[in-house]
Peer 1: 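Below: one structure in structure tokens.
Small disclaimer: the values here were computed from a predicted structure and weren't measured. Nothing fancy with the numbering, it's 1 onward along the sequence.
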Amino acid sequence: MPMTGEVLRDEQNARERLLESAMELFAEKGYEGVSVREIVQGAKVTKPVLYYYFGNKEGLYQTLVEEALETYRGVLEIAMSKKRTVLEQLVEMVSLQLDFCQKNQRLVRFIYSVLFNPPVSAPPYDFDRFYQANLTALKEIVNRGVEKGELEKRSIEEVAFLLLGLVNIHAMNQIFSQGTKIPEEVVQKGVEIVYQGIRRTRGRDR
């Protein structure tokens, strides 16, 4: 008997519903505190559907983390591709990351829950690869400013750390304040404070 359009759509959406259900439950209870039964009940599918798409609970977790971080990496690439002044590009990168966090609050809560939970509570994942990609993107923008003569040649890595910390502080603030969006002027001011601290002034050596 041929499948109806409604049944076909339901099958096509099963994978996404499993990811959504797992993300919500993992963020709330941690990896070990969630059972396969809870995940499939939340997704309104059966266990064999989960096994078909992901193999097991660990496979689902690994896919969820990788796809979440891949989406976030896309935000970095957009910011890096825009040709503006260094200050404008830094503000754009921080703003885009915070916009992403504001629009994907469940996803961000999940990522932070993974990062802050003890390593033994979830399967291993190379989060350092993602962290270094984020840090490298910020360092590249700062380095462009040094090469253009806009910024002094100080510790590029420390400046990138400051900007990354700014993103994390604002992102967590958005989560704890029930998703209230950080005003653009606040983001701009924070980046400008860091930028002014390393801006090259006329007559000074780099």
Peer 1: How about L135 and E140: do any of their side-chain heavy atoms sit closer than 4.5 Å?
Peer 2: no
Peer 1: My understanding is that only residues two or more places apart in sequence, or in another chain, count here; which of them pass salt bridge (Lys or Arg N to Asp or Glu O under 4.0 Å) with K57?
Peer 2: none
Peer 1: Do V186 and V194 share a hydrophobic cluster (ILVMFWY, side-chain heavy atoms under 4.5 Å, transitive)?
Peer 2: yes
Peer 1: How far apart are the C-alpha atoms of M172 and V108, what are their side-chain angles, what is the distance that settles it, and do they pass the side-chain contact (heavy atoms from CB on, under 4.5 Å) test?
Peer 2: CA-CA 9 Å; M172 286 188 285; V108 175; over 6 Å; no
Peer 1: Apply side-chain contact (heavy atoms from CB on, under 4.5 Å) to the pair M23 and I39, showing each step before the final yes or no.
Peer 2: CA-CA 9 Å; M23 179 168 59; I39 295 172; over 6 Å; no
Peer 1: With rounding to the nearest 0.5 Å, note down the distance linking OG1 in T46 to OH in Y51.
Peer 2: 9.5 Å
Peer 1: What residues form a side-chain contact (heavy atoms from CB on, under 4.5 Å) with T71, not counting sequence neighbours?
Peer 2: F100
Peer 1: Mind checking what makes salt bridge (Lys or Arg N to Asp or Glu O under 4.0 Å) contact with E192, not counting sequence neighbours?
Peer 2: none
Peer 1: Can you get from L87 to I193 by hopping between Ile, Leu, Val, Met, Phe, Trp and Tyr side chains that sit under 4.5 Å apart?
Peer 2: no
Peer 1: Look at the side-chain heavy atoms of Ile, Leu, Val, Met, Phe, Trp and Tyr, link any pair under 4.5 Å apart, and say whether V36 and Y61 land in one connected group.
Peer 2: yes
Peer 1: Any heavy-atom pair between the side chains of Q62 and E58 that's under 4.5 Å?
Peer 2: yes
Peer 1: Mind checking salt bridge (Lys or Arg N to Asp or Glu O under 4.0 Å) for E185 and listing every partner two or more places apart, or none if nothing turns up?
Peer 2: none
Peer 1: Less than 4.5 Å apart, side chain to side chain, heavy atoms only: is that true for L69 and V65?
Peer 2: yes
Peer 1: Quick one: does N134's side chain get under 4.5 Å of L138's, heavy atoms only?
Peer 2: yes
Peer 1: Shortest non-hydrogen contact from A14 to V49?
Peer 2: CB-CG1, 4.0 Å
Peer 1: Under a 3.5 Å distance rule, please check whether S21 uses its side chain to pair with a backbone N or O of R17 as donor and acceptor.
Peer 2: no
Peer 1: So which heavy atom on V86 is nearest to which on Y195, and how close?
Peer 2: CG1-CE1, 4.3 Å
Peer 1: If you measure from CG on L96 to CD on Q89, what distance do you get to the nearest 0.5 Å?
Peer 2: 10.5 Å
Peer 1: If you compare all heavy atoms of A22 against all heavy atoms of L64, which two are closest, and at what distance to 0.1 Å?
Peer 2: C-CD2, 4.1 Å
Peer 1: Work out which heavy atom in C101 is nearest to a heavy atom in A171; give both atom names and the distance.
Peer 2: SG-CB, 3.8 Å
Peer 1: Below 30° counts as parallel, above 60° as perpendicular, anything between as tilted: where do the rings of Y31 and F26 land?
Peer 2: tilted
Peer 1: CD of E92 to OG1 of T85: how many Å apart, nearest 0.5 Å?
Peer 2: 10.5 Å
Peer 1: Side chains of L19 and Y53, heavy atoms from C-beta outward: is any pair under 4.5 Å?
Peer 2: no
Peer 1: Could you go through the side-chain contact (heavy atoms from CB on, under 4.5 Å) check for E24 and R109 one step at a time?
Peer 2: CA-CA 9 Å; E24 187 71 25; R109 284 202 306 272; 3.9 Å; yes
Peer 1: Could you check whether any side-chain heavy atom of V45 comes within less than 4.5 Å of a side-chain heavy atom of L50, counting everything from C-beta outward?
Peer 2: no
Peer 1: Mind checking the CD-CG spacing from Q188 to L90? Nearest 0.5 Å is all I need.
Peer 2: 10.5 Å
Peer 1: State whether E38 and K29 are salt-bridged, where the test is any N-O pair (Lys NZ or Arg NE/NH1/NH2 against Asp/Glu carboxylate O) under 4.0 Å.
Peer 2: yes
Peer 1: How would you list, by chain and number, every residue that makes a salt bridge (Lys or Arg N to Asp or Glu O under 4.0 Å) with E67, sequence neighbours excluded?
Peer 2: R15
Peer 1: Side chains of M93 and Q97: closer than 4.5 Å at any heavy-atom pair?
Peer 2: yes
Peer 1: Return the CG to CD distance between L25 and Q41, rounded to the nearest 0.5 Å.
Peer 2: 10.0 Å
Peer 1: Are F161 and V159 connected, step by step, through hydrophobic side chains (Ile, Leu, Val, Met, Phe, Trp, Tyr) whose heavy atoms are closer than 4.5 Å?
Peer 2: yes
Peer 1: Applying side-chain contact (heavy atoms from CB on, under 4.5 Å), can you list everything that pairs with E66, at least two apart in sequence or on another chain?
Peer 2: E70, R73, Y125, R129
Peer 1: To the nearest 0.5 Å, how far apart are NZ in K103 and CG in L98?
Peer 2: 11.5 Å
